[in-house]
**Student:** 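Encoded as structure tokens, here's the structure I'll be asking about.
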Amino acid sequence: MSAKPSTTTLSSIDIHDAGEANGVFGCDTSVMVARPGKICCMFPLFWFTIPEGFYALVTRHGAHEPYTDASGKTSPVWPSGLHVGPPWLKVSHLVTKQAMLFNTEIRGCKTKDNVTVLIDISILLRVMGDEADVTAGDNPQNVYKFVHEVTPVGLSAQLKDAQAEAVRTLARSVYHTEVFGLRNVSHSELEGVQEKLFSPEAMVRGVGGVDGSADEKKDQEQKDTEGEHDYYDTLEAGFNVEAGAGVTEAMKVRLNRQFNSQGIEILDVIIKDIKLPNTIQTQMSQKTMVISQNAMQRMQQKHAMLSLLQEEEIKTLIQTHQEQMKELEKDGEYEVMMEQFKLEQLHAEGERQIKSIETQRDIDVELVQVESNLTVQRIQDETKLETERIREQSVAESAMELAKARAEVDVILANGELEAAKNSAIGDKAIFEAEGIAAPLNRRLNDHATKLHKLSAQQALASNEKLVIVGTDGGKAANALLRADAAFSKTSILAQDQHSREAVLTELAVASGRGDVRILVGGDAALTKVDG
């Protein structure tokens with residue numbers, strides 16, 4: 001169960017509706033009870049809600065309405081959630097389930113030795129409104145009783161009165177030196193204090209009083225840090241803690257005995273602060289200051305002694321360091337000389353190694369160059385060989401491809417020629433058939449044209465006065481031609497028709513098949529052979 005921040009008053013407040021309860025209770029830590037109003041709207045609402053974390057009381061027409069669950073059990077407290085009912089059924093009170101931290105300062109408390117002290121006490125309380133099967137000792141009827149009978153203001157007044165009475169009674173039972181032991185102590189801390197109080201050492205010192213000075217048996221280092229004080233101060237502080245440890249528990253039992261019947265449970269009583277008058281606090285602090293001052297003086301003396309010892313040690317160390325430094329300088333000079341000698345040796349050895357490395361490098365370079373040249377020559381030879389091989393292979397492959405191509409060309413040409421021959425034969429056949437029809441006509445046409453050409457030639461020869469016809473075979477043909485011409489010229493019909501005579505002579509020459517004559521024109525040596 002969470003607790004709200006402390007408050008010095010307990011109150012109730014009116015809120016607009018149940019929905020804003022969480023915000024109101026969170027802002028105001030003194031609120032224990034809220035009275036929600038009815039939501040105003042144009043239409044009446046037949047439902048209402050109860051937020052989580054509150055005990056809710058519901059009224060019908062202003063009268064308390066108990067809640068009845070599914071099993072028929074009634075309770076004055078309604079559970080959280082949505083409830084359906086007529087508009088006159090509403091939430092009248094919301095009581096927080098959180099624990100309240102109620103804080104009061106009780107002033108003017110007198111101790112057993114009449115010293116006025118101020119004790120600040122906080123009480124952690126809650127309303128016992130759960131079901132008995134949830135929290136033992138609780139009863140939902142306590143919520144109704146708290147709202148209508150006890151009220152937050154009445155509870156606040158009762159708590160202040162009861163707290164003041166209990167604190168004043170408590171303060172009157174102790175001395176002012178014991179009031180700081182009145183505080184809450186955990187169980188483990190109380191066991192630790194009791195163990196120290198009832199240890200064999202404490203029992204021996206408390207009973208026999210043997211060796212009352214605890215400082216004599218303390219280590220000197222512990223004296224310097226803790227200081228010297230009476231051993232019984234520690235025992236007294238332990239007894240005060242043991243006595244005050246049960247005070248708050250007794251106060252809680254007493255307050256529960258008073259408020260449980262009103263439905264309020266006191267969860268814890270916390271003593272927050274105790275203040276004594278300034279004069280007494282000053283006296284108590286001065287005792288502590290005296291112990292601290294003594295410890296400081298011892299620490300200062302010890303510091304001075306340590307400073308002197310440290311200065312002496314520093315001087316001794318400086319002198320020792322100076323002597324060691326001189327020795328080290330001499331040793332260093334010797335080592336420098338030895339190292340210089342070693343360095344010169346290393347330089348000489350280095351130069352020798354450098355020369356050896358350079359010589360070896362030159363040899364290696366020459367070897368590498370020779371090997372490189374051999375490798376290059378071998379690669380070139382291999383390249384040439386491979387090139388020749390590739391070239392020969394290419395030539396062979398190209399010859400093969402060329403032969404294949406030529407064979408394919410020959411096949412294609414043969415096929416073409418075959419097709420051409422076939423087509424030519426077909427064409428020739430067609431031509432022959434056409435010529436068979438046109439041949440007689442062409443022959444006659446050709447004969448006629450030939451005759452015309454012969455006539456033209458003979459006409460030209462006949463009209464040429466310089467024409468001399470000589471035979472190629474001893475002039476026999478020419479003589480026969482001349483005799484024929486003379487015979488024709490004596491014929492009256494042919495003599496009158498010059499063209500007919502020339503035609504007849506020509507026909508004779510051609511028809512005889514021996515028309516081999518030489519025709520001399522003028523004085524030229526040119527001969528024209530006329531073949532029949």
**Student:** Test F54 against F25 for ring-ring contact (aromatic ring centres under 6.0 Å, His included), laying out the working first.
**Tutor:** CA-CA 10 Å; F54 298 94; F25 277 82; 4.8 Å; yes
**Student:** Can you check whether F259 reaches L155 side chain to side chain, under 4.5 Å on heavy atoms?
**Tutor:**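 Answer yes - side chains close enough.
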**Student:** If you compare all heavy atoms of S80 against all heavy atoms of E52, which two are closest, and at what distance to 0.1 Å?
**Tutor:**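 Scanning both residues completely, I find the closest heavy atoms to be OG-OE1, 2.6 Å.
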**Student:** Under 3.5 Å, is there a donor-acceptor pair between the side chain of H303 and the main chain of M299?
**Tutor:**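 No: the side chain of H303 does not pair with the backbone of M299.
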**Student:** Hey, are the side chains of S12 and R35 touching, using non-hydrogen atoms and a 4.5 Å cut-off?
**Tutor:**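 Touching, per the 4.5 Å side-chain cut-off.
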**Student:** Donor-acceptor pair, distance only, cut-off 3.5 Å: does the side chain of T316 make one with the backbone of E312?
**Tutor:**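 Side chain of T316 to backbone of E312: a pair is present.
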**Student:** So do V33 and I13 actually touch side chain to side chain, heavy atoms under 4.5 Å?
**Tutor:**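 No, too far: nothing below the 4.5 Å cut-off.
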**Student:** Would you compute the distance between atom OG1 of T74 and atom OH of Y67 and round it to the nearest 0.5 angstrom?
**Tutor:**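 T74 OG1 to Y67 OH: 11.5 Å, rounded to 0.5 Å.
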**Student:** Of the non-hydrogen atoms in E388 and R391, which two are nearest, and what is the gap between them?
**Tutor:**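 Looking at all heavy atoms of both residues, the closest pair is OE2-NH1, 2.7 Å.
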**Student:** So T8 and T104, side chain to side chain contact (heavy atoms under 4.5 Å, CB included) or not? Walk me through it.
**Tutor:** CA-CA 6 Å; T8 58; T104 56; 6.0 Å; no
**Student:** Taking it one step at a time, do V95 and V147 satisfy side chain to side chain contact (heavy atoms under 4.5 Å, CB included)?
**Tutor:** CA-CA 8 Å; V95 181; V147 170; 3.4 Å; yes
**Student:** Looking at every non-hydrogen atom in both residues, tell me the closest pair between V58 and S92 and how far apart they are.
**Tutor:**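 It is N-OG, 4.1 Å.
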**Student:** Does the N423 side chain pair with the main chain of G427, one donor and one acceptor, at a distance under 3.5 Å?
**Tutor:**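 It does not hold such a pair.
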**Student:** Under the 3.5 angstrom rule, does the side chain of N256 hit a backbone N or O of K252 as a donor-acceptor pair?
**Tutor:**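 Yes; judged by distance alone, with no hydrogens or angles, the pair exists.
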**Student:** First locate atom NZ of K342, then atom CE of M338, and finally report the distance between them rounded to the nearest 0.5 Å.
**Tutor:**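 Separation between the atoms: 6.0 Å.
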**Student:** Checking side-chain polar atoms at under 3.5 Å, does T9 have a donor or acceptor matched by the opposite partner on S156?
**Tutor:**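 There is no such pair (donor and acceptor under 3.5 Å, judged by atom type) between the side chains of T9 and S156.
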**Student:** What is the distance from atom CG of D28 to atom OG of S11, rounded to the nearest 0.5 Å?
**Tutor:**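 Output value for this atom pair is 5.0 Å.
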**Student:** Taking all atoms of both residues into account, what is the closest heavy-atom pair of P76 and H64, and its distance?
**Tutor:**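 Scanning both residues completely, I find the closest heavy atoms to be O-CE1, 3.3 Å.
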**Student:** So, do H83 and I50 sit near enough that their side-chain heavy atoms are less than 4.5 Å apart?
**Tutor:**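 Yes, close enough: below the 4.5 Å cut-off.
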**Student:** In Å, rounded to the nearest 0.5 Å, how long is the span from CD1 of I15 to CG of N22?
**Tutor:**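 Going from CD1 on I15 over to CG on N22, the span is 9.0 Å.
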**Student:** Are Q345 and E349 linked by a side-chain donor-acceptor pair shorter than 3.5 Å?
**Tutor:**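 Judged by distance alone, the side chains do not pair up.
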**Student:** Under the side chain to side chain contact (heavy atoms under 4.5 Å, CB included) rule, what do M32 and F146 come out as? Steps first, then yes or no, please.
**Tutor:** CA-CA 10 Å; M32 285 190 71; F146 173 72; 3.6 Å; yes
**Student:** Quick check: are there more than 12 heavy atoms from other residues, nucleotides or ligands sitting under 6.0 Å from NE2 of H61?
**Tutor:**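 Atom NE2 in H61 is packed in, count exceeds 12.
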**Student:** Write out all pairs satisfying salt bridge (Lys or Arg N to Asp or Glu O under 4.0 Å) with one or both partners inside residues 64-84, taking only residues at least two apart or from two chains.
**Tutor:**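 Applying salt bridge (Lys or Arg N to Asp or Glu O under 4.0 Å) to every pair that reaches into residues 64-84, excluding sequence neighbours, yields R60-E65, K73-E131.
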**Student:** Is there a donor-acceptor contact under 3.5 Å from the side chain of S356 to the main chain of Q353?
**Tutor:**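 Answer holds: no.
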**Student:** Are any non-hydrogen side-chain atoms of K454 and K451 less than 4.5 angstrom apart?
**Tutor:**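 Result no, sub-4.5 Å side-chain heavy-atom pair not found.
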**Student:** Under 6.0 Å from the six-membered ring centre of F48 and within 45° of its axis: does the NZ or CZ of K90 meet both?
**Tutor:**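 Cation-pi check for K90 and F48: fails.
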**Student:** Hey, does V77 have a side-chain heavy atom less than 4.5 Å from the side chain of D130?
**Tutor:**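 A side-chain contact is absent here, since even the closest heavy-atom pair is not under 4.5 Å.
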**Student:** Taking the side chain as C-beta and beyond, is there a heavy-atom pair between W78 and L57 under 4.5 Å?
**Tutor:**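 W78 does not reach L57 side chain to side chain.
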**Student:** For the rings on H93 and H148, is their centre-to-centre separation under 6.0 Å?
**Tutor:**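 Yes, close enough.
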**Student:** Please tabulate, for the side chains in residues 373-383, all donor-acceptor contacts under 3.5 angstrom to protein atoms that are two or more places apart in sequence or on a different chain.
**Tutor:**
residue, atom, partner, partner atom, Å
N373, ND2, Q369, O, 3.2
T375, OG1, E371, O, 2.6
Q377, NE2, D381, OD1, 3.0
T383, OG1, I379, O, 2.4

**Student:** Please examine the side chains of L159 and L10, heavy atoms only from C-beta on, and report whether any two atoms are closer than 4.5 Å.
**Tutor:**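 L10 reaches L159 side chain to side chain.
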**Student:** Just wondering, are more than 12 heavy atoms of other shown residues or ligands nearer than 6.0 Å to CZ in R389?
**Tutor:**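 Counting neighbours around CZ of R389, more than 12 heavy atoms of other residues, nucleotides or ligands fall under 6.0 Å, so yes.
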**Student:** Can you tell me how far CD of Q310 sits from CG of L317, rounded to the nearest 0.5 angstrom?
**Tutor:**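 So the CG of L317 and the CD of Q310 are separated by 10.0 Å.
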**Student:** Working to the nearest 0.5 Å, report the span between CG of N103 and CG of D120.
**Tutor:**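 So the CG of N103 and the CG of D120 are separated by 4.5 Å.
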**Student:** Between K326 and E329, does at least one N-O distance fall below 4.0 Å, as a salt bridge requires?
**Tutor:**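 Not counted as a salt bridge, because no side-chain N and carboxylate O are separated by less than 4.0 Å.
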**Student:** Identify, with sequence neighbours excluded, every residue that meets side chain to side chain contact (heavy atoms under 4.5 Å, CB included) alongside S394.
**Tutor:**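 Once residues adjacent in sequence are excluded, the partners of S394 under the side chain to side chain contact (heavy atoms under 4.5 Å, CB included) criterion are I390.
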**Student:** Apply side chain to side chain contact (heavy atoms under 4.5 Å, CB included) to residues R444 and H448 and explain how you reach the verdict.
**Tutor:** CA-CA 6 Å; R444 292 176 63 186; H448 177 68; over 6 Å; no
**Student:** Of the non-hydrogen atoms in P87 and F46, which two are nearest, and what is the gap between them?
**Tutor:**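 Residues P87 and F46, closest heavy atoms: CD-CE2, 3.5 Å.
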**Student:** State plainly whether the residues D138 and R126 are in salt-bridge range, i.e. N to O under 4.0 Å.
**Tutor:**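 Here D138 pairs with R126 in a salt bridge, since their nearest N and O are under 4.0 Å apart.
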**Student:** Looking only at heavy atoms, what is the nearest atom pair of I264 and N260, with distance?
**Tutor:**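 What the structure gives for the nearest pair is O-ND2, 2.9 Å.
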